[in-house]
2 protein chains.
Amino acid sequence: MYAIKSRIWIEGEDGVFLGEGRIKILKAIIKEGSLSKAAKFLGMSYKKAWNLIDSINKNASEPIVITNTGGSGGGGAIITPYGKEMILKFEEINKNCWNFLDQQLKEHQL
Amino acid sequence: MYAIKSRIWIEGEDGVFLGEGRIKILKAIIKEGSLSKAAKFLGMSYKKAWNLIDSINKNASEPIVITNTGGSGGGGAIITPYGKEMILKFEEINKNCWNFLDQQLKEHQL
DNA sequence: TTTCGTTATATCTTTCAGGAAATAACGAAA
DNA sequence: TTTCGTTATTTCCTGAAAGATATAACGAAA
């Protein structure tokens, strides 16, 4: 009858660190190898993608995205091992949260 | 180091039924006795409050808010017993979700 | 030293959600 | 029948967020 939905996010010292949208752009960067290609892949403006990455790096305890400007290919961006670990943990927690809430919905008979 | 935050909401057939903002206005209506007073109490525009209530009633399986227009006092709004029950259940689930996520945060060592 | 595609940044425009305000409709009580 | 404060609804306006555009800076490789 009813469905329960959720959004989770992780905050650092000064604002949002990780959320669903940020996970999406991080994974696109892994796949595409650069910020601009990842933005295009997601149909997102470069500026928006850049703002997200900037915010991620500012709120993380350790570097997440390393950007390189210049070079023959123009540069690019890579996700650090720590970043990849955080992606996995976020997705795990998010999945667990969904399951937990579905269970709650049943228990409360909604 | 990191904090985890969440937003949950319940959807009906055709959109959002209950969320934190809706719970807030419902409780304000119980306290104040009318939609307009509740909106003023929350520093919210009357239109926004009315839109929320309208959406709540449209997506609920049973009536939540009964509004009365006219009368010496001009009318008012009341929350049905079913509505009050839903408020309690939502807040209970929301609290459980917070606890669950805090636990997840520890387990995943973030 | 030139080339290249990228990151980084600023500026301008557009869009749209939300607030403000005005008004009609309502109906019980005096 | 008049009064009252509310609900219900419309229109207008504003401000903030998002997109579009332009361009400087970068630096490894040829």
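In the text below, chain A, chain B and the rest are named by the order of the sequence lines, each starting its count at 1. Computed over heavy atoms, backbone and side chain alike; hydrogens, waters and symmetry mates excluded.
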Under the 4.5 Å side-chain heavy-atom rule for ILVMFWY, direct or indirect, which residues accompany I78(A)? I66(A)
To the nearest angstrom, the CG-C1' distance between D54(A) and dT9(C) comes to 11 Å
Salt bridge (charged side-chain N to carboxylate O under 4.0 Å, His left out): pairs with one or both residues in residues 70-88 of chain B, sequence neighbours excluded: E85(B)-K89(B)
Share the residues that join V16(A) in a hydrophobic cluster, the rule being Ile, Leu, Val, Met, Phe, Trp or Tyr side chains under 4.5 Å apart at the heavy-atom level. W9(A)
Run the side-chain donor-acceptor check on residues 39-52 of chain B: report pairs under 3.5 Å with partners two or more places apart or on a different chain.
unit_1: S45(B); atom_1: OG; unit_2: K48(B); atom_2: N; d: 3.2
unit_1: N51(B); atom_1: ND2; unit_2: K47(B); atom_2: O; d: 3.4

Gap between atom CG of L101(A) and atom OG of S6(A) - 0.5 Å precision: 5.0 Å
Tell me whether I4(A) shares a hydrophobic cluster with L88(B), the cluster being built from Ile, Leu, Val, Met, Phe, Trp, Tyr side chains joined at under 4.5 Å. no
Mind listing the residues from residues 31-40 of chain B sitting with a heavy atom below 4.0 Å of DNA chain D? Number order is fine. S34(B), L35(B), S36(B), K37(B)
With a 4.0 Å cut-off on N to O distance, would you call E91(A) and K27(A) a salt bridge? yes
With the sugar-phosphate defined as primed atoms, P, OP1 and OP2, and the base as all remaining atoms, what B/S/- string results for nucleotides 20-30 of chain D, 5' to 3', for protein heavy atoms under 4.0 Å? B----BBBBS-
By ring pair (Phe, Tyr, Trp, His ring centres under 6.0 Å), F17(B) pairs with (sequence neighbours left out) Y2(A)
By salt bridge (charged side-chain N to carboxylate O under 4.0 Å, His left out), D102(A) pairs with (sequence neighbours left out) none
Please list, chain by chain and in numerical order, all residues satisfying salt bridge (charged side-chain N to carboxylate O under 4.0 Å, His left out) with E107(B), sequence neighbours excluded. none
From NZ of K48(B) across to P of dT10(D) the rounded distance in Å is 20 Å
Only Watson-Crick and G-U wobble pairs with both distances less than 3.5 Å should count. Give DNA chain D in dot-bracket notation, marking inter-strand partners with |. ||||||||||||||||||||||||||||||
Calculate the interatomic distance between I53(B) atom CD1 and dT6(D) atom C1'; express it in whole Å. 14 Å
Any donor-acceptor pair under 3.5 Å linking the side-chain atoms of E13(B) with those of N59(B)? no
Looking at residues 55-68 of chain B, who's got a heavy atom less than 4.0 Å off DNA chain D? T67(B), N68(B)
To the nearest angstrom, the CG-P distance between L52(B) and dA8(D) comes to 14 Å
Excluding sequence neighbours, so at least two apart, what forms ring pair (Phe, Tyr, Trp, His ring centres under 6.0 Å) with Y82(B)? none
I'd like to know if the side chain of T80(A) reaches the main chain of P63(A), judged simply by a donor and an acceptor atom lying under 3.5 Å from each other, with no hydrogens or angles considered. yes
Spacing between W50(B) atom CH2 and dT9(D) atom C1', to the nearest angstrom: 7 Å
